[in-house]
Amino acid sequence: MDGVEASRNFQSAKKRGFRVSRNIVRKLLKKHGYVKRKMVKSKPTGEFKERDRQFRKIARLKAKYERAGNPVISVDTKKKEKLGNLYRDGQIYSLEAETVYDHDYPHLAEGNLIPHGIYDVQRNDAMVNIGTSADTAEFACDSIELWWKQVGCNRYIGATSLLILLDCGGSNSCHHHIFKEALQALANKIGIEIRAAHYPPYTSKWNPIEHRLFPHVSRSMAGVVLTSHELVKELIGNTHTESGLNVKTNIIYKAYEKGRKARADLYDQGTIVFDKILRKLNYKIMPVSE
């Protein structure tokens, strides 16, 4: 019996002359384990035959990199937001309610807000770089480069390879040649091998950043009217948890071109090597001296 059925039974009993208060019904429901619950977004919208095989491969890669003292990062772009006097879910302490526009039309926005996150799986800390232009492969790799320069290269001295855990879609899609071109440029800049491991289709929620960083960032921004990139930087920078999570933030003002195509000779140098098994989801990029 669920809550809907219980409500129907209550109405039926009332029509037959039984007097049962709602408090009694509530107590009976609680006694039998029925409480108000939120929906859980966990049911996949499709299937991928090699799902478990890829999960096992990612687990092996993580263990291997941790034993070697090499970094493992989980990356993704959080939900994009619009700047301006627009409504946002959540509540904050204030003397009176904030007044915002009664509609969220795109033309009322005053700018774009693209939070790209890098979560250090081994250290439980993160960086969120706030883009102001577009969510492109180049932007995602510039964000990772910023993390490496500010955190990674000092934390993982002597690292020989960087493992990046990613989803299958978006600016870091496993299907996009332009993302691999951007990764090649990144490997050339930081001077170490990059290994990419994509989570299978329909399993993006398993990417560690999705449940170890983004929910806490959303909580930090809840109910606040986002009037500037600097305000968002401050809000996200205040994100922390009892388990020790802290977040560094930056703003990337660079303008990015959408719709770019990868160069035709991208794979000719042989520095992008695909695994023999599940090759679309797993590959490594070796740096080339520029």
Side-chain angles (χ1 to χ4, degrees), residues 51-78 115-129 137 140-174 179-180 182-200 203-217 239 241 243-250 272-275 277-287:
R51 174 186 182 276
D52 291 344
R53 193 177 191 183
Q54 178 64 3
F55 270 92
R56 289 194 295 270
K57 184 176 183 67
I58 289 175
R60 290 194 300 270
L61 283 171
K62 287 170 61 179
K64 177 183 177 181
Y65 272 68
E66 289 172 4
R67 286 195 302 269
N70 281 328
V72 180
I73 58 173
S74 168
V75 306
D76 197 14
T77 303
K78 191 182 181 299
H116 184 269
I118 302 98
Y119 175 75
D120 188 328
V121 174
Q122 300 174 73
R123 299 297 184 93
N124 187 38
D125 63 16
M127 176 181 287
V128 175
N129 295 313
C141 289
D142 281 352
S143 177
I144 297 171
E145 181 187 359
L146 198 54
W147 172 84
W148 177 255
K149 288 181 175 179
Q150 293 187 3
V151 179
C153 65
N154 298 314
R155 174 176 292 172
Y156 297 98
I157 298 173
T160 58
S161 185
L162 168 65
L163 174 60
I164 306 179
L165 307 179
L166 321 103
D167 298 343
C168 264
S171 58
N172 49 228
S173 172
C174 63
F179 176 63
K180 296 175 181 65
L183 279 180
Q184 180 70 73
L186 174 61
N188 296 348
K189 289 177 182 177
I190 67 178
I192 65 171
E193 173 192 274
I194 294 176
R195 172 169 271 280
H198 294 265
Y199 280 87
T203 65
S204 61
K205 293 298 181 184
W206 290 93
N207 195 355
I209 197 170
E210 293 289 346
H211 47 88
R212 295 185 183 177
L213 174 63
F214 287 163
H216 308 300
V217 170
T239 303
T241 66
S243 63
L245 174 70
N246 289 291
V247 182
K248 290 175 63 70
T249 53
N250 299 285
I272 301 177
V273 181
F274 294 88
D275 289 12
I277 300 173
L278 296 171
R279 55 186 287 113
K280 287 186 177 181
L281 301 179
N282 304 281
Y283 48 91
K284 61 183 178 181
I285 298 95
M286 291 170 285

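What you see is a predicted model, and the numbers here were worked out from it, not measured in a lab. All values below were derived from every heavy atom in this structure, side-chain atoms included, with hydrogens, water molecules and symmetry-related copies excluded.
- Between the CG atom in Asp125 and the CG atom in Leu245 there is a gap of 7.5 Å [rounded to 0.5 Å].
- Residues forming a ring pair (Phe, Tyr, Trp, His ring centres under 6.0 Å) with Phe214 (at least two apart in sequence, or on another chain): none.
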Exercise. Can Ile192 and Trp148 be said to form a side-chain contact (heavy atoms from CB on, under 4.5 Å), step by step?
Worked result: CA-CA 11 Å; Ile192 65 171; Trp148 177 255; 3.7 Å; yes

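- The heavy-atom pair separating Pro287 from Ala187 by the smallest distance is CB-O, 3.3 Å.
- No hydrogens or angles considered: a donor-acceptor pair under 3.5 Å links the side chains of Asn129 and Asn250.
- Between the OG atom in Ser171 and the CG atom in Asp76 there is a gap of 7.5 Å [rounded to 0.5 Å].
- With values rounded to the nearest 0.5 angstrom, Phe274 atom CZ is found 5.0 Å from Lys180 atom NZ.
- The minimum heavy-atom distance linking His198 with Asp167 is given by the pair ND1-O, 2.7 Å.
- Contact annotation: the side chain of Phe55 approaches that of Pro200 to within less than 4.5 Å [non-hydrogen atoms, C-beta and beyond].
- Judged by distance alone, the side chains of Asn124 and Tyr119 do bring a donor and an acceptor atom under 3.5 Å apart.
- The shortest distance between side-chain heavy atoms of Lys62 and Leu165 falls below 4.5 Å.
- For Lys57, the salt bridge (Lys or Arg N to Asp or Glu O under 4.0 Å) partners two or more places apart in sequence, or in a different chain, are Asp275.
- In this structure, the side chains of Val128 and Lys78 stay at 4.5 Å or more apart for every pair of heavy atoms.
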For this session: Any chance you could lay out the side-chain contact (heavy atoms from CB on, under 4.5 Å) test for Ile277 and Arg53, step after step, and finish with the verdict?
Result: CA-CA 10 Å; Ile277 300 173; Arg53 193 177 191 183; 3.5 Å; yes

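- Annotation: the span from Ile144 atom CD1 to Leu183 atom CG amounts to 6.5 Å, rounded to 0.5 Å.
- Nearest heavy atoms, Leu166 versus Ala196: CD1-CB, 3.8 Å.
- The shortest non-hydrogen separation linking Lys205 to Glu210 is O-CB, 3.9 Å.
- At distances below 3.5 Å, not a single donor-acceptor pair connects side-chain atoms of Gln184 with backbone N or O atoms of Ile285.
- Between Tyr156 and Trp147, the angle of the ring planes lies from 30° to 60°, which puts this pair in the tilted group.
- The closest donor-acceptor contact from the side chain of Ser161 to the backbone of Ile194 lies at 3.5 Å or more, if one exists at all.
- Summarising the geometry, atom CG belonging to Asn246 is positioned 9.5 Å from atom OG1 belonging to Thr239; distances are rounded to the nearest 0.5 Å.
- Counting all heavy atoms, side chain and backbone alike, Gly117 lies closest to Leu213 at CA-CD2, 4.4 Å.
- Checking each of Asp120, Val121, Leu162 against Pro71 for a side-chain contact (heavy atoms from CB on, under 4.5 Å) leaves exactly one that passes, namely Leu162.
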Exercise. Is there a side-chain contact (heavy atoms from CB on, under 4.5 Å) between Ile118 and Ser143 once you walk through the steps?
Worked result: CA-CA 8 Å; Ile118 302 98; Ser143 177; 3.2 Å; yes

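- Closest non-hydrogen pair, Ala137 versus Ala182, comes out as O-CB, 3.8 Å.
- Side chain of Gln54 to main chain of Ala197: no donor-acceptor pair is present (N/O by atom type, distance under 3.5 Å, no hydrogens or angles).
- Here CD1 of Ile164 is found 12.5 Å from CG of Leu61. Values are rounded to the nearest 0.5 Å.
- Within the 4.5 Å cutoff, the side chain of Trp206 has no heavy atoms near those of the Ser74 side chain.
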